[in-house]
Number of protein chains: 2
Amino acid sequence: MGAAGNEIEIGKKDTAAEAGGDTLAAALELLWSERPAPKRGPKPALTLETIARAGMGLADADGLAAVTMQNVAAALGYTKMALYRYVPGKVELVALMTDIGFGAPPALPSGTEGWRPSLELWARRLFERFVAHPWTLEATVGIRPLGPNEVAWLEQAVQSLAGTGLPGAEKFDVAATLAGHVRATAQQSVGGDGKPEQAFHATVGLILDRHQDRYPALSAAFAEVAAHGGQDQALEFGLGRILDGVDLHIAATRERPRR
Amino acid sequence: MGAAGNEIEIGKKDTAAEAGGDTLAAALELLWSERPAPKRGPKPALTLETIARAGMGLADADGLAAVTMQNVAAALGYTKMALYRYVPGKVELVALMTDIGFGAPPALPSGTEGWRPSLELWARRLFERFVAHPWTLEATVGIRPLGPNEVAWLEQAVQSLAGTGLPGAEKFDVAATLAGHVRATAQQSVGGDGKPEQAFHATVGLILDRHQDRYPALSAAFAEVAAHGGQDQALEFGLGRILDGVDLHIAATRERPRR
DNA sequence: ACGGCACAGCGTCCATCATACACTGTATCC
DNA sequence: GGATACAGTGTATGATGGACGCTGTGCCGT
């Protein structure tokens, strides 16, 4: 399957592989508002923003699967084909929804000082966004275009590490690690259709009830998890450990600065 | 069209919400081999394993989107409806593929001692599994059934923490945090259709090229990332930080043991 | 021995979905 | 005052997951 694809595979745009190239570029254009702004013709009745918001409403309520071109259009009172005047395809629409769903990271309160409190706040806020729009978890797997807001979150995290003396690459790694932790935690605490319900723990508990013998260590550990309040502390625990480790690393870097 | 059509909403199984209940139970049955084993009738020509392997082949080659009932059946030389004699639906098939994709965690080499080397090895191996079958990333979003292998991975991680004196709930949290980190890292280093291509970094780089002014800290940091070998160390960096933090926490717990 | 029944595999049918394409009307520029 | 670019619509199409009923097969109880 090269660039041409002269094999079978006419018809639909694409299915899975190789779609990234074209779609990614189109989505980036959309997300970064690099669009020509038409001059002639009837005025557009809709906005990208309006459309995306409609999609978000559906996704928040009934999950990402409820976001069909039909449903989005119906929610706006238009036909689905009208949407294609604004969006190249569904993938791009979801990408737009996702970036809007994250929103810009709120500015850190003026009192916040030091990289650690900043990053803690950052992580908790990001977590809240994931919980508020659980479908963003589904929407952000695999290669995909990044929107301005998503990049802005990264920027803020890296900025928080300004005074640490870490090399830039490691600042980036810290941000990525934290984002990953937040993401993974959110993924475990959120149900498939969007409702937070400690889904992961519930499933594990269900299984261990029936197979304690097979997983002795896990069963013992999990009994204590259930006894305590569940997984509510999963975000904080990992966050604490990671930032402790980062702290250590910063200290070590200061003592033995890189050449 | 038949005469009877006055019912509301017969037909398809479900779309998004609430499907979890029924499907999850069915999938658990399948994954944990709690199936009755038929006595009468013709011998099944296929196996769950065979079917799942066929699906995995497609997913490995062309991504999860290539896994359609049609394609899987064709790969086996049967019609798609034959598959429904083995699998309740596609969701369950993918769940099965996923669990087989993880496989059982290999036993730790006999020389491995101490929780830290064990967990490091564990994390690296898990990472390899994600990279070997990138579609498992897509397949493991949202609420979903866990298979025996997936639970076995958790078991091994918790077991590695046996001598640490950590409370059970925290062992579990450590395992979850590590698994989350591995997952998130894999997600960033793997392309959408399954090819590892440092996708995330490539996209970020592309964007920052055009918007350096808007994200100064990130741009500066990222320049160094690009100068170095890319993101190959993302897994190890986060792993090091997390385990450092865990180490600290274990030491603290020993000094100030919980009641 | 044998007939019924449970079960394998298949063919057909259908609803849903993303998207292509052609058409109609409209607002702006020359 | 057109020509033209563009908005919204209607219809068509191919792919997909899945329901349902049919045909054959092989074990089990009689």
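Lettering of chains follows the sequences in order, A, B, ..., and the numbering in each one begins at 1. As the structure is a prediction and not an experimental result, all values here were calculated from the model.
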Test: Arg144(A) and Glu150(A) ion pair at under 4.0 Å: yes
Residue list, salt bridge (Lys or Arg N to Asp or Glu O under 4.0 Å) with Arg183(B), at least two apart or on another chain: none
Rounded to whole angstrom units, what separation is found between the CE atom of Met69(B) and the C1' atom of dT16(C)? 17 Å
Here the pair of heavy atoms bringing Ala175(A) nearest to Trp122(A) is O-CH2, 4.0 Å
Quick check against the 3.5 Å criterion: does Asp60(A) have a side-chain atom that pairs as donor or acceptor with the backbone of His133(A)? no
What is the separation between atom OH on Tyr84(B) and atom P on dT16(D), rounded to the nearest whole Å? 12 Å
Rounding to an integer number of Å, can you tell me how far Asp62(A) CG sits from dT16(C) P? 16 Å
Per-nt protein contacts along nucleotides 5-11 of chain D (heavy atom under 4.0 Å; B base, S backbone sugar-phosphate only, - none) come out as BBBBBBB
So the salt bridge (charged side-chain N to carboxylate O under 4.0 Å, His left out) pairs with at least one residue in residues 44-58 of chain A (sequence neighbours excluded) are Glu49(A)-Arg53(A)
What is the distance, to the nearest angstrom, from the NZ atom on Lys90(A) to the C1' atom on dA15(D)? 14 Å
Worked verdict on Leu206(A) versus Leu28(B) for side-chain contact (heavy atoms from CB on, under 4.5 Å): CA-CA 10 Å; Leu206(A) 196 73; Leu28(B) 283 177; 3.7 Å; yes
Classify the nucleic acid contact of Val67(B) as base, sugar-phosphate or nothing, counting any heavy atom under 4.0 Å across all strands shown. sugar-phosphate
